[in-house]
Amino acid sequence: MNIQAPLPLRLEQSSGALTGRVSLVTGSTSGIGLGIARALAAAGSAVMLNGFGNPEDIAETQARIVSEFGVKVRYSPADMSKAESISDMIAMALETFGRLDILVNNAGIQHVAPLEQFPVAKWDAILAINLSLAFHTTRGALPSMRRKKFGRIINIASAHGLVASPFKSAYVAAKHRIVGLTKVIALVTAEANVTCNAICPGYVYTPLVEAQIDGQAKSHGIPREQVIRDVPLAQQPNKRFATVEELGALSVFLASDAAASITGIALPVDDGWTAH
């Protein structure tokens, strides 16, 4: 069976569902975060990007979003492992736009190792970026959301926030805790027209995943289709990747008025992984 990369969905010029809104997406200079940022912009939201990368590439990404969707775009290079840097990023967003309506906590890192060999520094870094980040950003954004009587907080968790896999102790622990934090935030903001939900993707097709597939195929001398079936898609029954555009479309819905009654959920987007 020949497994191809999924075809991307087309993002239409601003649908207007989020016109007048302001979004901050962490880890949005590439991959899932960039796909979500583009979808929010396509729906009319101004966007603050965040993440690492070549300055020229990031400037080009900003310019492309402005050109395609006609919204205001800013960028913060804030380090998501540092509380003070995160606080400065939130302050920058509020100073630039005067409000912050939609917060997407997407930034994350991974490390795989047996528990007894797991580096302590990696454990600390994964919990800081995959978990504590969402606490710091939400803590900073909530006062403005309460004043404006509107807020949408979307935590990008993982199928690993619902199930476990070997050798991913820090990642699984952080993502399970993100699901718990999502529920707490939903409860404490229930009367403020602020919602908080977690999206739990399985494997999503990104350039990084493509590079990993090719690398494993070359190092093990096996066809890339076999790598795809036996490694990333082993737990996904329909043997396909989700796309960043699909996650973007879901994020737009959760950020919209149509999702006002949806809060505190952990929504699997995992092609049936957690249905086992």
Side-chain angles (χ1 to χ4, degrees), residues 25-34 49-54 57-58 76-89 104-140 155-182 184 198-222 227-228 230-236 241 244 247 266 268 270 273-274:
V25 186
T26 66
S28 53
T29 51
S30 64
I32 293 171
L34 179 55
L49 302 173
N50 157 262
F52 298 124
N54 181 286
D57 292 341
I58 293 170
S76 166
D79 184 341
M80 294 296 96
S81 68
K82 301 183 185 306
E84 184 177 351
S85 189
I86 294 168
S87 179
D88 290 343
M89 177 183 67
V104 182
N105 291 308
N106 166 76
I109 59 173
Q110 172 66 288
H111 184 78
V112 178
L115 185 63
E116 66 274 21
Q117 299 170 19
F118 208 97
V120 172
K122 288 290 186 182
W123 173 276
D124 291 342
I126 289 171
L127 263 64
I129 295 174
N130 294 31
L131 174 63
S132 297
L133 158 65
F135 164 76
H136 294 302
T137 55
T138 301
R139 183 175 180 271
N155 295 322
I156 306 303
S158 167
H160 281 116
L162 304 171
V163 296
S165 290
F167 311 121
K168 298 181 179 180
S169 54
Y171 189 82
V172 170
K175 294 302 186 179
H176 270 68
R177 291 173 183 181
I178 277 289
V179 170
L181 178 63
T182 297
V184 172
I199 297 175
C200 300
Y203 278 92
V204 181
Y205 188 80
T206 65
L208 178 61
V209 168
E210 175 62 27
Q212 291 172 345
I213 292 168
D214 286 344
Q216 291 199 36
K218 290 176 182 177
S219 64
H220 296 292
I222 58 177
V227 173
I228 292 170
D230 294 348
V231 185
L233 298 187
Q235 299 298 325
Q236 296 188 191
F241 290 100
V244 296
L247 295 182
D270 61 4
W273 181 344
T274 55

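Not measured: the values here are computed from a predicted model. When reading the values below, keep in mind they use all heavy atoms of this one structure, side chains included, and skip hydrogens, waters and symmetry mates.
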Looking at [Y], is its backbone amide N or carbonyl O close enough to the side chain of [X] to form a donor-acceptor pair, meaning the two atoms are under 3.5 Å apart?
| X | Y | result |
| --- | --- | --- |
| Q236 | Y203 | yes |
| N50 | G27 | yes |
| T29 | G51 | no |
| D79 | S81 | yes |
| K175 | I156 | yes |

Nearest 0.5 Å, please: how far is [atom2] in [Y] from [atom1] in [X]?
| X | Y | atom1 | atom2 | answer |
| --- | --- | --- | --- | --- |
| L127 | L133 | CG | CG | 12.0 Å |
| E116 | S169 | CD | OG | 9.5 Å |
| I228 | E210 | CD1 | CD | 7.0 Å |
| L181 | N155 | CG | CG | 6.0 Å |
| K82 | H136 | NZ | NE2 | 11.5 Å |
| I126 | K168 | CD1 | NZ | 11.0 Å |

Closest approach of [X] and [Y], non-hydrogen atoms and distance?
| X | Y | answer |
| --- | --- | --- |
| A266 | V179 | CB-CG1, 3.9 Å |
| F241 | I213 | CZ-CD1, 3.8 Å |
| D270 | A159 | CB-CB, 4.3 Å |
| S158 | C200 | O-CB, 3.2 Å |
| F118 | A113 | CD1-O, 3.6 Å |
| L247 | I32 | CD1-CG2, 3.8 Å |

Residue from T182, T137, N130 passing side-chain hydrogen bond (donor to acceptor under 3.5 Å, both in side chains) with N105
T137
Any side-chain heavy atom of [X] sitting closer than 4.5 Å to one from [Y]?
| X | Y | result |
| --- | --- | --- |
| T206 | V244 | yes |
| V209 | V204 | no |
| W273 | H160 | yes |
| Y171 | H111 | no |
| P114 | F167 | yes |
| Q235 | V163 | no |

